[in-house]
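It should be emphasised that the depicted structure is a prediction, and the values quoted were computed from it without experimental measurement. Throughout, numbering of the chain's residues begins at 1 and tracks the sequence.
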Amino acid sequence: MQHSPDKPTKRVLDAFLRRLSEALCLPVEVVDGFGDRNRTCQAQKGSAVVEFTFLAVLLMVPLVYFVVTVGQIQGGSFAVVGAADQAAKVFVTRTDATGARAAAEGAVLLAVRDYGHTANQASVDIACDRADCLSAGASVTVTVGLDVPLPMLPFADSLHLNAARLSASSTQVVGRYQ
């Protein structure tokens with residue numbers, strides 16, 4: 001003898017299966033006015049892909065732009081640190097002040113160009129602790145500033161839209177024997 005489920009249990013089970021079928025967009029038997037839900041489910045097929053694509057573009061574009069901007073700032077920080085260090089080292093190896101300044105500015109320009117920045121974005125400041133910068137034992141400090149523009153903006157240079165203003169300094173002592 002088989003045991004048949006009582007009516008309330010069967011009704012609950014049918015309702016559960018119907019709702020599960022609706023949630024999974026499976027065909028639902030048209031009983032008691034549930035046919036409208038089936039048509040609604042059929043109309044929404046494929047809209048999840050469109051919604052996902054829209055949200056992905058909406059959320060991913062700012063995220064990618066942020067990552068590119070942080071990369072530009074990181075590259076700029078490497079450029080100013082390297083430029084200041086090399087410029088200070090080049091400055092203290094020269095024997096005349098005019099040539100030392102020109103060589104330091106050339107070293108800054110070369111280091112900044114290596115990281116994809118232009119000369120008009122950089123600034124160089126050279127300071128000494130004595131009047132004669134190239135005398136033995138003098139400390140020479142080179143400070144390099146760099147404006148990092150916002151990436152991928154067509155008029156960022158003319159509008160002066162900068163992501164960051166970076167600076168780094170390096171100090172070298174003029175050697176006793178030159």
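Taking hydrophobic clusters as Ile, Leu, Val, Met, Phe, Trp and Tyr residues chained together by side-chain heavy-atom distances below 4.5 Å, Leu153 shares a cluster with Leu159. In the hydrophobic clustering of this structure, Leu109 does not group with Val80; members are Ile, Leu, Val, Met, Phe, Trp, Tyr whose side-chain heavy atoms approach within less than 4.5 Å, directly or through other members. Hydrophobic clustering (ILVMFWY, side-chain heavy atoms < 4.5 Å, transitive): Val90 and Val144 are in distinct clusters. In terms of hydrophobic clustering, with Ile, Leu, Val, Met, Phe, Trp and Tyr side chains grouped at heavy-atom distances under 4.5 Å, Val108 and Phe78 are assigned to different clusters.
Among all heavy-atom pairs drawn from Tyr65 and Met152, the shortest one is CD1-CE, 3.7 Å. Across every non-hydrogen atom of Asp147 and Pro149, the tightest pair is O-CD, 3.4 Å. The shortest heavy-atom contact between Leu166 and Gly76 is CD1-C, 3.4 Å. Closest heavy-atom contact between Ala104 and Ile126: CB-CD1, 3.9 Å. In terms of heavy-atom proximity, Arg130 sits nearest to Ser135 at NH1-OG, 3.5 Å. Looking at every heavy atom in both residues, Gly82 comes nearest to Ala111 through C-CB, 4.5 Å.
For Arg18 and Asp14, the salt-bridge test fails: no basic side-chain N is under 4.0 Å from an acidic carboxylate O.
Around the CZ atom of Arg113, the shell of radius 6.0 Å holds no more than 12 heavy atoms that belong to other residues, nucleotides or ligands. The number of heavy-atom neighbours closer than 6.0 Å to CZ of Arg101, taken from other residues, nucleotides and ligands shown, is above 12.
Here Thr53 contributes atom OG1 and Leu58 contributes atom CG; the two are 12.0 Å apart, rounded to the nearest 0.5 Å. Atom CE of Met60 sits about 12.0 Å away from atom CG of Leu55, to the nearest 0.5 Å. Taken to the nearest 0.5 Å, the CD atom of Gln72 stands 11.0 Å off from the OG atom of Ser77.
Between Gln121 and Val148 there is no side-chain heavy-atom pair separated by less than 4.5 Å. A 4.5 Å side-chain heavy-atom check between Thr95 and Leu134 finds every atom pair outside the cut-off.
Side-chain contact annotation: Asp96 with Thr98, donor-acceptor N/O pair under 3.5 Å absent.
With hydrogens and angles disregarded, a donor-acceptor distance shorter than 3.5 Å links the side chain of Asp129 to the backbone of Ser139.
Pairs of residues two or more places apart, or lying in two chains, that qualify as disulfide bond (SG atoms under 2.5 Å apart) and include a residue from residues 107-145 are Cys128-Cys133.
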